[in-house]
Colleague: 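One structure is given below, represented as structure tokens, and several questions about it will come after.
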Amino acid sequence: MPAAPTTHRFDFLVLGSGVAGLTFALRVADTGTVGIVTKKESVESNTNWAQGGIAAVTDPGDSLESHIEDTLDAGAGLCDPEVVRVVVTEGPARLQELIDLGADFSRDPDGELHLGREGGHSANRIVHAADATGAEVERSLLAAIRRHPNIEVFEYHYAVELITEHHLGQTVTRLRPDTACYGAYVLDEERDAVDAFLARTTLLATGGSGQVYAHTTNPDVATGDGLAMAYRAKAHVANMEFVQFHPTSLFHPDADSFLISEAVRGEGGILTNLAGERFMFEYDERGELAPRDIVARAIDDQIKRRGDKHVWLDISHIGEEAIEHHFPMIRARCLDFGIDIAREPIPVVPAAHYQCGGVVTDLDARTTIRNLYASGEVACTGLHGANRLASNSLLEAMVFSYRAARHALAHRPGWSEDHDAVPMWDTGGTSQEREWVLVAHNREELQRLMSDLVGIVRSDLRLQRALRRTRLLYEETEDFYRRTRVSVGACELRNLIATAYLIVTSALMRRESRGLHFTLDYPDRKESERRPTVI
């Protein structure tokens with residue numbers, strides 16, 4: 001039997017435990033209580049899986065203008081120039097704060113930060129901790145979080161829905177300008193109860209949605225939860241057609257799309273087809289250092305044109321000592337599958353990697369719902385445009401979480417009568433064990449159709465078919481959800497379907513090819529289509 005629901009009250013509620021959520025929590029904790037809700041363990045996030053690093057101008061030979069230009073170029077005309085300038089300009093200070101907090105990044109023999117280079121960058125500016133930067137960032141932030149008396153972390157708690165006016169019996173429409181967020185309904189998995197987590201201010205930091213595809217570099221938790229919750233609450237969502245496929249994930253039946261960092265190509269990695277032919281210069285004058293969208297499409301084209309299952313990525317020529325220094329984690333993981341990258345090429349294929357669109361925010365990370373902020377991969381800030389420049393994501397999360405905290409502290413709302421009027425979650429519904437196979441089947445079907453029909457290369461015919469099939473999955477899943485008790489599996493499936501719908505619908509709305517969105521029906525970029533896709 002499920003336990004009786006309870007109510008928690010915080011000044012600040014953070015949904016997610018990656019760099020975005022933890023940065024915000026530390027910023028506001030000295031002034032109020034903070035609750036961090038995370039669906040698994042605190043370290044399970046896209047941040048923790050990030051290999052590459054943080055793009056920031058720290059070398060005197062580099063420049064802010066160069067980083068800005070590289071970001072705008074990668075974004076294919078859809079970046080917000082003001083946002084790009086803010087993030088690039090404020091980034092070095094946020095990086096230094098992370099170092100002051102104890103983050104231990106790789107350094108040269110003279111003690112200076114070792115700066116790597118990745119596709120799309122015109123200079124070496126990637127600050128990293130070998131090839132496990134995300135894990136080091138997460139470690140340093142979590143250590144500070146655990147020391148703070150005002151922060152409480154709720155592991156294995158799953159945010160089910162944002163609490164807004166419609167939970168108070170009020171009608172919410174996209175035209176209403178003053179919709180407010182009062183917190184979230186959260187499933188405590190251990191107690192099997194949905195509790196009300198009420199807060200003056202809520203931050204969405206739930207990460208991305210890579211699990212909507214069959215092959216992804218994302219962890220299992222990346223199911224688009226915050227995006228779907230915000231969409232159901234009528235927040236504006238934008239640019240969801242721009243899904244970044246990482247060009248190089250390990251091709252192995254047991255590897256679960258393990259990511260081979262872009263830094264491997266930055267250090268001299270060479271791509272060849274199975275005939276041993278180096279092919280990237282056929283597609284772009286920058287070769288292996290072209291932006292990710294170009295590299296991913298080139299690999300996809302080679303695989304389809306030749307009928308191969310993968311291509312090769314070879315870094316062995318830089319020597320075993322250099323490989324062990326720069327890529328110890330990647331080498332160890334590949335050795336688990338019998339591949340020694342110091343002596344042989346790596347079989348790689350593209351895999352879904354990063355959600356460039358998301359919940360629309362302003363320069364202070366405010367969404368279109370009052371008292372609700374968003375930061376990190378769940379947000380669409382205007383930085384990435386149609387294609388994210390490598391290693392700009394951790395930078396974006398730190399800058400916008402800082403700005404969200406600053407704004408939230410300057411405009412702290414009080415407790416209103418609405419908070420006291422929030423009802424408890426309706427715990428109706430029964431567990432139907434025989435029907436749970438439906439959840440697993442529908443999730444696999446959704447991932448398969450998204451990979452087949454809404455991948456790197458698209459067409460209107462494929463997208464229309466995906467939309468019809470997604471609608472059927474939605475109807476089946478909603479019927480099941482209404483008749484059963486709340487569960488993580490059913491909620492994740494609902495959120496994945498909502499995310500798929502947003503991707504497909506946005507892709508159909510864009511009648512051109514730009515950045516990460518390439519369609520056979522409209523293969524050229526059109527100036528008339530140079531605008532965000534807002535739902």
Colleague: With S401 as reference, evaluate V28, V14, T23, L26 under the side-chain contact (heavy atoms from CB on, under 4.5 Å) test and give the passing residue.
Modeller: T23

Colleague: Between E241 and R510, is there a donor-acceptor pair closer than 3.5 Å when you use the side chain of the first and the backbone of the second?
Modeller: no

Colleague: Could you report the tightest heavy-atom contact between A29 and N150, atom names first, then the distance?
Modeller: O-ND2, 2.7 Å

Colleague: State, yes or no, whether a side-chain contact exists between R27 and E97 at a heavy-atom distance under 4.5 Å.
Modeller: yes

Colleague: Does atom NE2 of H215 have more than 12 heavy-atom neighbours, drawn from other residues, nucleotides or ligands, at distances under 6.0 Å?
Modeller: no

Colleague: Taking all atoms of both residues into account, what is the closest heavy-atom pair of A342 and I323, and its distance?
Modeller: CA-CD1, 3.5 Å

Colleague: Could you go step by step and tell me if H384 and Q244 meet the side-chain hydrogen bond (donor to acceptor under 3.5 Å, both in side chains) rule?
Modeller: CA-CA 11 Å; H384 305 309; Q244 188 172 71; over 6 Å; no

Colleague: Could you go step by step and tell me if D192 and R485 meet the salt bridge (Lys or Arg N to Asp or Glu O under 4.0 Å) rule?
Modeller: CA-CA 9 Å; D192 192 23; R485 288 208 308 267; 3.4 Å; yes

Colleague: Indicate the atoms forming the closest heavy-atom contact of G269 with L313, along with that distance.
Modeller: C-CD1, 4.0 Å

Colleague: Between L187, V160, L493, which is the residue that forms a side-chain contact (heavy atoms from CB on, under 4.5 Å) with V488?
Modeller: L187

Colleague: Could you go through the salt bridge (Lys or Arg N to Asp or Glu O under 4.0 Å) check for E396 and R388 one step at a time?
Modeller: CA-CA 11 Å; E396 175 194 40; R388 176 180 70 102; over 6 Å; no

Colleague: Taking side chain as C-beta onward, heavy atoms only, is F242 less than 4.5 Å from D293?
Modeller: no

Colleague: Going by an N to O cut-off under 4.0 Å, is there a salt bridge joining D300 and K304?
Modeller: yes

Colleague: Is it the case that more than 12 heavy atoms not belonging to H441 sit under 6.0 Å from its NE2 atom?
Modeller: no

Colleague: With a cut-off of 6.0 Å (strictly less than), are more than 12 heavy atoms of other residues, nucleotides or ligands near CZ of F105?
Modeller: yes

Colleague: Ignoring hydrogens, what is the shortest heavy-atom contact between S391 and I126? Give both atom names and the distance.
Modeller: OG-CG2, 3.6 Å

Colleague: Is R494 salt-bridged to E161, going by a charged N under 4.0 Å from an acidic O?
Modeller: yes

Colleague: Would you say that P347 contacts L250 through its side chain, given a criterion of any heavy-atom pair below 4.5 Å between the two side chains?
Modeller: yes

Colleague: Any carboxylate oxygen within less than 4.0 angstrom of a Lys/Arg side-chain nitrogen, looking at R265 and E118?
Modeller: no

Colleague: Please check if the side chain of E136 supplies one atom and the backbone of D104 the other of a donor-acceptor pair under 3.5 Å.
Modeller: yes

Colleague: Are K39 and E492 within salt-bridge range, i.e. N to O under 4.0 Å?
Modeller: yes

